[in-house]
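Because only heavy atoms are used, hydrogens play no part in the values below, and waters and symmetry mates are left out as well, while side chains stay in. Letters A, B, ... mirror the listed sequences (proteins, then strands); counts begin at 1.
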Number of protein chains: 2
Amino acid sequence: MPSQPASMRDVAHRAGVSLSTVSRVLRDAPGVAPEVRQRVQRAADELSYVVSRNASGLVTGRTGRVSVVVPFLRPWFFGAALSGISDALREADLDMLVYQVGETRSREGWARALPLRRNTDAVVTVSMDLSEEECRRLEDVGVPMVLMGQKVSGRASVYIDDRAGTAGATRHLLNLGHTRVAYIGSRSEAWYSTSSRHRLEGYEAAMAEAGLSPWPVVKAPGHTGGELAMGELLSDHEPPTAVLAEFDDIALGAHRTLRRAGVRVPDSISLMGFDNHDAAAVMDLTTVDQAPYDSGLTAGRLTVDILNGAARHTHVEMPTQLILRQSTAAPRTTRGLFP
Amino acid sequence: MPSQPASMRDVAHRAGVSLSTVSRVLRDAPGVAPEVRQRVQRAADELSYVVSRNASGLVTGRTGRVSVVVPFLRPWFFGAALSGISDALREADLDMLVYQVGETRSREGWARALPLRRNTDAVVTVSMDLSEEECRRLEDVGVPMVLMGQKVSGRASVYIDDRAGTAGATRHLLNLGHTRVAYIGSRSEAWYSTSSRHRLEGYEAAMAEAGLSPWPVVKAPGHTGGELAMGELLSDHEPPTAVLAEFDDIALGAHRTLRRAGVRVPDSISLMGFDNHDAAAVMDLTTVDQAPYDSGLTAGRLTVDILNGAARHTHVEMPTQLILRQSTAAPRTTRGLFP
DNA sequence: CACCCTCATGAAAACGTTGCCATAACCCGG
DNA sequence: CCGGGTTATGGCAACGTTTTCATGAGGGTG
């Protein structure tokens, strides 16, 4: 149990060979006699020695590390995404650095504030909605980058088709026979979200296709926004019979308002979310699954492929999946919220 | 816009000084004339140069990186914890490596499989419930370690008092006048959890204190377990009037069963969770907040302090907080689930 | 004016690896 | 038995920093 960690020299000494040979063995490089190889391996094990990525990176130029940049770490979505990325990187024996840039973002310098320059082999951004200029700045770091949750032409991206997702969701409600279908979206000043815009567009397109006029209500993100928006909708002179929310958290907020108002779901109002949040299952909320774990896994593997120079598809569109639960149903034939 | 990232030599050349001087400037080391300092700083900025942690770590022995080891990344709890740790490390300009060891854990070698040895300054484990032996193996890595969500004497730990938490929760229900208070716990074969045991003990202690006999039901973790357990409780010849769940997810599962059975909360049965999960707010679930973000922040700062040799308290107990919402109330005076 | 101190600066030796080149040992065919 | 090729091994110079030590320029004091 050495208080100073063993170095390659120690291993070499113990195995009675030179540094070069030890290096070759530990890198699985050819040109070492099997017997010697075994001896070195044993010596390394006995000293529980592992190669310093620091030192090897210095000469190879590879750090064995991939940086993942996320706006936030708390929302459910990012945990799932990170989990996928982590698993993919582990397969390739790469370590994962995580940078949460949250509030820093508004300040101009977050991209350069991150010590990425010589310290990472690749950068994966998750739902960062980077502007063209931010992309360029990040590219300046000089390592490959993969964008998850954002589609940028000319740059490797893994994303879902938000428009198709909400369009499908909307059609589900229309197919049930609803005609008064409202949409609760979000807008935050701190964070401009492309996916937010796309989801609204998908809804609008499906409504237009059915010859109906869209009915969007936009509030601050989070469940509070959903609560307020639903309150507003309930106070309309003729409330909607179905409501689609931009994401599950909003839908859950809306659900709370309905519960308090004594409006039954789906009897009086059908409610739908988007994301397939953990809590959606337990709340029996019909939603659209976007499998962030799978996206993360894909993004991670894509990164590995690019690093190995074996990347083929640089744009990957992940499928979304309608999850039918108990919160949507055909509209009642009688009018009014309370039968 | 150099395709090869700039090195310190380039900066030195551009500023017309030696390597040593550049190094001193960028480390904020004393002994540089203000005018020169400024000149070097500018040169570095223009080349958008950042120090290679790889190279500096090689000589200082510090990597500027802290490893965080978690069993899983997906559950809500870990995102919040990581967020706090990340913020704390960022304050000290340390990078965060994340290792998700999930299933690997059962295999003996996860601790040594981690290439931590020379590649990290400290290790933070989150809810890993390490055995004494695993602790020792991890300590072999030769860097300070901080345990979050686990109390181990002689080792830096940040944790909550699970026993006190459930005891307080139980007393809340007892104070409302309930006498038939059941507890839904979890047990998984893959994962032995100390906190799980402690929470049960807290409940039992509070019940004993009130002279009541405990009524625990143990199922698999997750909301499915909650659903099943609640079904079981409802089929008792005299169902409980209040139920405490080991964590919110279980409580939410139980809530679903109640909803389906048409049993009203809190009118007929009071329901309580533990954790203050995102979804608990939206479901109006009374619960116990354990602020994983704050724990993460504390653990992160403790790590930084230890690294700076300034650690004072190596054991930090984080407070828990009862969050009163709408799912608990005094028991009805009339008997039966349906008034 | 000589002396010693302080302060700013530069030169050079680490740090722990990998890559390249040299060397030694061996095998094979002529 | 000798030349040429292959294969295993060692030596040494990088890689980009920090750190230690040396040097030299001023500046105050006696």
Side-chain angles (χ1 to χ4, degrees), chain A residues 2 4-41 43-44 47-65 93 115-121 141-142, chain B residues 2 4-41 43-44 47-65 93 95 115-121 142:
Chain A
Q4 284 292 70
S7 87
M8 204 171 225
R9 196 202 304 290
D10 304 323
V11 179
H13 194 258
R14 184 173 246 253
V17 294
S18 75
L19 274 178
S20 320
T21 304
V22 177
S23 175
R24 272 188 282 260
V25 170
L26 297 178
R27 272 179 302 129
D28 273 326
V32 179
E35 189 249 341
V36 177
R37 188 176 288 272
Q38 207 174 13
R39 186 149 43 95
V40 171
Q41 198 59 260
L47 295 170
S48 57
Y49 166 82
V50 292
V51 176
S52 156
R53 287 219 153 133
N54 249 6
S56 72
L58 198 51
V59 37
T60 59
R62 293 196 129 203
T63 61
R65 262 170 252 129
D93 213 39
L116 296 176
R117 201 147 215 95
R118 237 176 238 279
N119 301 311
T120 199
D121 289 346
V141 173
Chain B
Q4 285 292 67
S7 87
M8 204 170 217
R9 196 203 304 292
D10 303 322
V11 179
H13 194 259
R14 182 172 246 252
V17 294
S18 74
L19 275 178
S20 322
T21 305
V22 177
S23 174
R24 273 187 280 258
V25 171
L26 297 177
R27 272 178 304 125
D28 274 326
V32 180
E35 190 249 341
V36 177
R37 187 176 289 270
Q38 206 173 14
R39 185 148 44 94
V40 171
Q41 199 58 260
L47 296 170
S48 58
Y49 166 81
V50 293
V51 175
S52 156
R53 290 223 152 129
N54 249 5
S56 72
L58 197 51
V59 35
T60 58
R62 295 195 128 202
T63 61
R65 264 170 250 126
D93 214 40
D95 288 347
L116 295 177
R117 201 149 214 94
R118 235 177 239 279
N119 301 310
T120 200
D121 289 346

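Nucleotide C/dG16 holds its P atom 17 Å from the CZ atom of B/Arg62, rounded to whole Å.
Considering every non-hydrogen atom in both A/Leu47 and A/Ala6, the closest pair reads CB-CB, 4.0 Å. In terms of heavy atoms, B/Pro30 sits closest to B/Arg37 at CA-NH2, 4.1 Å. Closest of all the heavy-atom pairs between B/Asp121 and B/Thr63 is OD1-N, 2.7 Å.
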Practice problem: Go through the steps to decide whether B/Asp95 and A/Arg65 satisfy the test side chain to side chain contact (heavy atoms under 4.5 Å, CB included), and finish with yes or no. | Solution: CA-CA 12 Å; B/Asp95 288 347; A/Arg65 262 170 252 129; over 6 Å; no

Exercise. Test B/Val25 against B/Gln41 for side chain to side chain contact (heavy atoms under 4.5 Å, CB included), laying out the working first.
Key: CA-CA 7 Å; B/Val25 171; B/Gln41 199 58 260; 3.9 Å; yes

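Atom CZ of B/Arg53 sits about 10.5 Å away from atom CZ of B/Arg62, to the nearest 0.5 Å. With rounding to the nearest 0.5 Å, the separation of OG in A/Ser56 from CG in B/Asn54 is 7.5 Å. Atom CG of A/Leu26 sits about 10.5 Å away from atom OG1 of A/Thr21, to the nearest 0.5 Å.
With sequence neighbours excluded, the residues that form a side chain to side chain donor-acceptor pair (under 3.5 Å) with B/Arg27 are B/Ser23.
Computed from C1' positions of five pairs at each end, the angle between the two local axes of the helix from C/dC1-D/dG30 to C/dG30-D/dC1 equals 50°, rounded to 10 degrees.
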Expected rows: protein N/O vs nucleotides 22-26 of chain D N/O, under 3.5 Å:
none

Produce the list of close N/O pairs, under 3.5 Å, pairing protein atoms with atoms of nucleotides 23-26 of chain C; give distances to one decimal.
none

With a cut-off of 3.5 Å and sequence neighbours excluded, list every side-chain donor-acceptor pair involving residues 8-16 of chain A.
residue	atom	partner	partner atom	Å
A/Asp10	OD2	A/Ser7	N	2.7
A/Arg14	NH1	A/Glu46	OE1	2.1

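Side-chain atoms of A/Arg24 never come within 3.5 Å of backbone atoms of A/Val32 as a donor-acceptor pair (strictly under, hydrogens ignored).
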Quiz item: In the 5'-to-3' direction, what one-character label does each nucleotide of nucleotides 9-17 of chain D receive under the scheme B = base within less than 4.0 Å of a protein heavy atom, S = sugar-phosphate only, - = no such atom?
Solution: BBBB--BBB

